Number of protein chains: 2
Amino acid sequence: MRKVVSSGQPTIKEIAKRLNISVSTVSRALHDHHSIGLKTKARVKELAAELNYERNQTAVYFQQGKTFTIGILLPELSEAFFSSAISGIEDTAYSNNYTVLLGQSHDDEDREKQIIQSMKQHRVDGCIVSIGKNTRNYEHFEMLRQARIPVVFFDRVPDLPNIHAVSVNLESGTIQAVDFLLKKGHRVIGMINGPEQLVASKERATGYIKALRKHRLKYDPELIVNADLTAAGTDSAMEYLLSLKRKVTAIVTFNDYVAMDAVQYALKRKLEINKDITFVSYANTPVSGYTAFPPAASVEQFPYEQGQAATNMLLSLLNGEHPLNDYTNTIMESQLVIHNR
Amino acid sequence: MRKVVSSGQPTIKEIAKRLNISVSTVSRALHDHHSIGLKTKARVKELAAELNYERNQTAVYFQQGKTFTIGILLPELSEAFFSSAISGIEDTAYSNNYTVLLGQSHDDEDREKQIIQSMKQHRVDGCIVSIGKNTRNYEHFEMLRQARIPVVFFDRVPDLPNIHAVSVNLESGTIQAVDFLLKKGHRVIGMINGPEQLVASKERATGYIKALRKHRLKYDPELIVNADLTAAGTDSAMEYLLSLKRKVTAIVTFNDYVAMDAVQYALKRKLEINKDITFVSYANTPVSGYTAFPPAASVEQFPYEQGQAATNMLLSLLNGEHPLNDYTNTIMESQLVIHNR
DNA sequence: GTTATCCGCGCAAGCGTTTGCGTAACACCT
DNA sequence: AGGTGTTACGCAAACGCTTGCGCGGATAAC
């Protein structure tokens with residue numbers, strides 16, 4: 001028989017042989033099992049330390065059918081929102097002795113499926129997923145369910161029944177945002193929203209409407225425009241909004257980047273920011289503080305905290321503290337942050 | 001004997017039993033081994049598909065002593081530079097059928113050690129590491145070497161002999177930056193550099209000096225100041241530079257964030273940007289394009305590409321295409337990007 | 001017709017660890 | 001002396017998969 005890999009690493013078998021005891025005794029000694037005598041324990045531990053013994057986790061994973069690993073699948077690792085979320089996930093996973101396996105889908109459904117497949121083969125204990133923009137088919141997640149691998153979705157949550165999810169309620173933040181503008185005296189408030197099918201866009205829209213209703217103001221559908229989040233899309237959205245008969249004095253933009261594009265456009269049109277026109281946005285990107293005209297306020301979406309919450313939910317699922325079939329949808333509140341300058 | 005986990009997942013044993021053949025035949029059939037008859041292969045594959053068989057990777061990993069997993073250890077997952085790098089690493093790992101295990105050190109040496117330890121126990125095949133700011137002790141990497149786990153360092157590379165590394169040569173970019181300023185007529189050029197012990201700081205400084213020498217200009221040490229990269233630190237650096245007898249008309253800042261802070265300071269001092277004072281910087285952060293006064297140029301450091309290069313290097317080490325003890329230090333050239341507005 | 005060749009498959013070991021159970025040895029109580 | 005515990009350890013199976021080797025039978029070569 002060929003020895004596949006010699007790796008050199010000492011095993012419990014090695015320790016057992018040298019000490020003339022059985023491997024089971026060594027294993028138990030290293031785990032501080034009560035049925036092992038103190039002197040034996042000491043001898044084992046001493047030799048283990050001397051040999052630089054390190055337990056072969058792959059063997060344990062295999063034997064236990066558990067890997068203490070969670071898979072995390074996101075559209076884009078380099079996006080600020082997601083990279084903060086990863087940070088939150090890794091931190092709480094780390095402090096619970098879990099490790100994190102990473103994959104990015106680039107919003108490609110096929111790649112998403114392949115990554116899920118690979119994580120399943122890797123026998124991750126659970127997954128945290130933010131789905132891609134174009135994902136319409138959810139059979140890969142159905143496979144995970146069948147394999148009894150729990151999944152917690154976050155932020156970009158699929159429209160499915162019976163899932164575990166963590167997301168942020170943008171409605172509340174939007175209401176705060178519109179409230180803020182109304183209190184400043186604005187009456188004609190535009191909104192540059194994102195693609196219609198996105199849940200996030202819907203929440204923004206309903207928040208906007210609810211805020212107006214709260215103040216007994218009429219909602220004018222003309223004031224909401226769906227854009228594609230590119231600079232060009234923002235430009236035409238701005239062009240449209242500024243062309244309306246009713247003079248728009250404030251605009252809620254989909255995120256800080258859109259806001260910055262919109263500001264550029266407004267400047268070209270010789271509008272004075274915060275006077276002729278005021279912007280409120282989402283994400284609260286720190287860098288917007290460096291711009292000449294940051295949005296007057298921005299809705300914080302707490303990516304780090306969402307990552308933490310999703311991980312905690314997954315861990316309680318894994319620990320059995322929470323039944324797998326008790327589907328919970330944790331919704332965090334977003335919060336308007338006012339930039340005073 | 002207690003059955004540890006029933007998991008429900010079918011195994012090759014199951015397939016073998018149903019087909020009345022041996023497990024070895026099943027295994028080989030699934031691997032398209034030449035010594036298995038075509039009809040048997042077909043039968044096996046059919047049943048495997050029907051049962052939704054999926055190979056238990058943990059068993060394979062264990063048996064082969066290889067996990068097709070690479071560990072990546074970075075100071076901060078949420079920093080733009082590193083998250084781009086992660087993206088590059090994940091992409092090339094993915095297309096080579098490797099998966100990626102993640103850990104962040106938060107620049108804490110102890111945590112760095114623990115993560116390395118955990119990755120070692122996880123039996124990752126190799127590691128890609130960017131060390132923490134405060135790491136002075138490298139014994140954890142020495143342990144990896146002893147365990148024959150190859151490590152490729154990138155960007156933040158320790159000052160050790162005999163390591164594999166990928167980094168970007170900031171000297172060339174700095175020379176380009178200073179060249180750029182000289183051509184624009186600037187003669188008194190300041191530099192807000194980072195902490196002295198950082199290699200990156202040293203490279204910036206030598207690049208600066210070399211560029212001046214190239215143009216037969218005298219180097220005035222007073223013009224380089226080391227700062228701590230905080231807004232306050234930048235302010236005092238600016239105060240110092242602007243207080244010099246020789247009038248500084250251009251400043252090279254450590255990165256775009258420092259540049260933005262410096263711009264704010266200059267504005268407070270009623271200086272006109274790009275007229276009284278011009279800034280050139282590093283990182284080429286896209287967001288700086290939105291600011292009122294972005295640096296006139298910025299040295300691109302190619303984090304995504306560095307990630308790719310590091311991964312490719314590690315993979316060729318793992319595939320034996322490159323001997324482990326042939327230490328290579330790939331240095332990519334940074335490149336000045338001029339922002340025309 | 002004998003020998004060499006190849007095809008198709010099974011046997012069994014082995015990867016490192018955990019763990020239920022069995023069992024000596026000894027002490028204690030009655 | 002017999003019974004009941006307790007302590008300290010060993011035996012061996014099991015997790016799922018890969019792979020060197022052996023072997024019977026069919027085919028080809030001489």
Side-chain angles (χ1 to χ4, degrees), chain A residues 1-45 48 51-68 120-123 125 147, chain B residues 1-45 48 51-68 120-123 125 147:
Chain A
M1 184 105 344
R2 186 172 69 92
K3 200 160 181 193
V4 180
V5 143
S6 65
S7 90
Q9 301 270 77
T11 70
I12 52 171
K13 202 182 283 186
E14 175 100 15
I15 298 183
K17 199 172 298 171
R18 296 216 197 192
L19 258 40
N20 258 321
I21 57 182
S22 77
V23 289
S24 48
T25 302
V26 175
S27 172
R28 281 192 255 256
L30 292 173
H31 284 85
D32 267 329
H33 194 279
H34 62 272
S35 84
I36 302 297
L38 291 167
K39 333 96 200 174
T40 334
K41 272 187 196 171
R43 290 203 311 155
V44 169
K45 289 184 179 175
L51 293 183
N52 247 309
Y53 167 77
E54 211 158 49
R55 171 218 261 113
N56 184 338
Q57 283 294 65
T58 64
V60 178
Y61 293 157
F62 165 56
Q63 204 260 358
Q64 314 253 332
K66 201 175 180 236
T67 58
F68 287 95
K120 195 178 155 202
Q121 288 192 176
H122 240 278
R123 295 293 205 267
D125 293 339
Chain B
M1 187 104 343
R2 186 171 71 89
K3 201 162 181 192
V4 180
V5 144
S6 65
S7 92
Q9 300 271 79
T11 69
I12 52 172
K13 201 182 284 183
E14 175 101 14
I15 298 182
K17 200 172 297 173
R18 296 217 195 191
L19 259 39
N20 258 322
I21 57 181
S22 75
V23 289
S24 49
T25 304
V26 176
S27 172
R28 280 190 258 253
L30 292 173
H31 284 85
D32 268 327
H33 195 278
H34 63 272
S35 84
I36 302 296
L38 291 166
K39 335 94 199 179
T40 338
K41 271 185 195 170
R43 292 204 309 156
V44 169
K45 288 184 180 175
L51 294 181
N52 247 310
Y53 168 77
E54 213 159 47
R55 172 214 265 113
N56 184 337
Q57 284 293 69
T58 63
V60 179
Y61 294 158
F62 164 54
Q63 202 260 356
Q64 313 254 336
K66 197 171 183 234
T67 59
F68 286 97
K120 194 179 157 201
Q121 287 192 176
H122 241 277
R123 293 295 204 264
D125 293 339

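Keep in mind that this is a model prediction, so the values were computed, not measured. Just so it is clear: chains get the letters A, B, ... in the order the sequence lines come, proteins before strands, and each one is counted from 1. All values below come from the heavy atoms of this structure, side chains included, with hydrogens, waters and symmetry mates left out.
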Check your understanding: So does B/Lys13 get a side-chain nitrogen or oxygen closer than 4.0 Å to the phosphate oxygens (OP1/OP2) of D/dC15?
Key -> yes
Exercise for review: Round to the nearest Å and state the distance from B/His33 atom NE2 to D/dC21 atom C1'.
Suggested key: 12 Å
Review point. If you check every side-chain atom of A/Gln63, which of C/dG8, C/dG14, D/dC15 has the closest atom?
Key: D/dC15
Review point. Are A/Arg123 and D/dG16 close enough that a side-chain N or O sits under 4.0 Å from OP1 or OP2?
Key: no
**Study point:** Euclidean distance, atom CD of residue A/Gln57 to atom P of C/dC15 [Å, nearest integer]
**Key:** 19 Å
Exercise for review: Could you pull out the closest heavy-atom pair between B/Glu54 and A/Arg123, with the gap in Å?
Suggested key: O-NH2, 4.1 Å
Review point. Given D/dT18, is OP1 or OP2 found less than 4.0 Å from the side-chain N or O atoms of B/Ser27?
Key: yes
Check your understanding: Taking atom P of C/dC9 as reference, at what distance in whole Å does atom CD1 of B/Ile36 sit?
Key -> 6 Å
Review point. Hey, does the side chain of A/Thr25 come within less than 4.0 Å of D/dC9's phosphate (OP1/OP2), counting only N and O?
Key: no
Practice item. Take the protein atom CG of B/Asp32 and the nucleotide atom P of C/dC9, then report the distance between them rounded to whole Å. Key: 13 Å
Check your understanding: Expressed in angstrom and rounded to an integer, what is the separation of B/His31 atom NE2 from D/dG16 atom P?
Key -> 16 Å
Check your understanding: Over how many whole Å does the gap from B/Leu30 atom CG to D/dT19 atom C1' extend?
Key -> 15 Å
Check your understanding: Can you find a donor-acceptor pair, distance only, under 3.5 Å between A/Ser24 side chain and D/dC11 base?
Key -> yes
Review point. OP1 or OP2 of C/dC7 sitting under 4.0 Å from any side-chain N/O of B/His34?
Key: no
Check your understanding: Please walk me through it: do B/Tyr61 and A/His122 pass ring-ring contact (aromatic ring centres under 6.0 Å, His included)?
Key -> CA-CA 9 Å; B/Tyr61 294 158; A/His122 240 278; 5.0 Å; yes
Review point. Is the distance from OP1 or OP2 of D/dG16 to the nearest side-chain N or O of B/Thr11 less than 4.0 Å?
Key: no
Point to revise | Distance test, side-chain N/O of A/Tyr61 to OP1/OP2 of D/dG16, below 4.0 Å | key: no
**Study point:** Candidates D/dT18, D/dC11, C/dT17 - which lies nearest the side chain of B/Val60
**Key:** D/dT18
Review point. Does D/dA8 have OP1 or OP2 sitting under 4.0 Å from an N or O in the side chain of A/Arg28?
Key: no
Practice item. Using atom types as modelled and distance alone, determine if a side-chain donor or acceptor of A/Asp125 lies under 3.5 Å from a backbone N or O of A/Lys66. Key: no
Exercise for review: Could you tell me whether the side chain of B/Thr58 has a donor or acceptor atom within less than 3.5 Å of a complementary atom in the base of D/dC15?
Suggested key: no
Check your understanding: What do you reckon, do B/Phe62 and the base of C/dC15 stack, with centroid distance below 5.5 Å and planes below 30°?
Key -> yes
Point to revise | Minimum-distance pair of heavy atoms, taken over all atoms of B/Arg43 and B/Leu19 | key: NH2-O, 3.7 Å
Point to revise | Nearest-Å distance for atom pair CD1/P, residues A/Ile21 and D/dC9 | key: 8 Å
**Study point:** A/His33 side chain to A/Ser35 backbone, donor-acceptor under 3.5 Å
**Key:** yes
Review point. Between the two ends of the helix from C/dG1-D/dC30 to C/dT30-D/dA1, what is the bend in degrees, rounded to 10 degrees, where each end axis spans five pairs?
Key: 50°
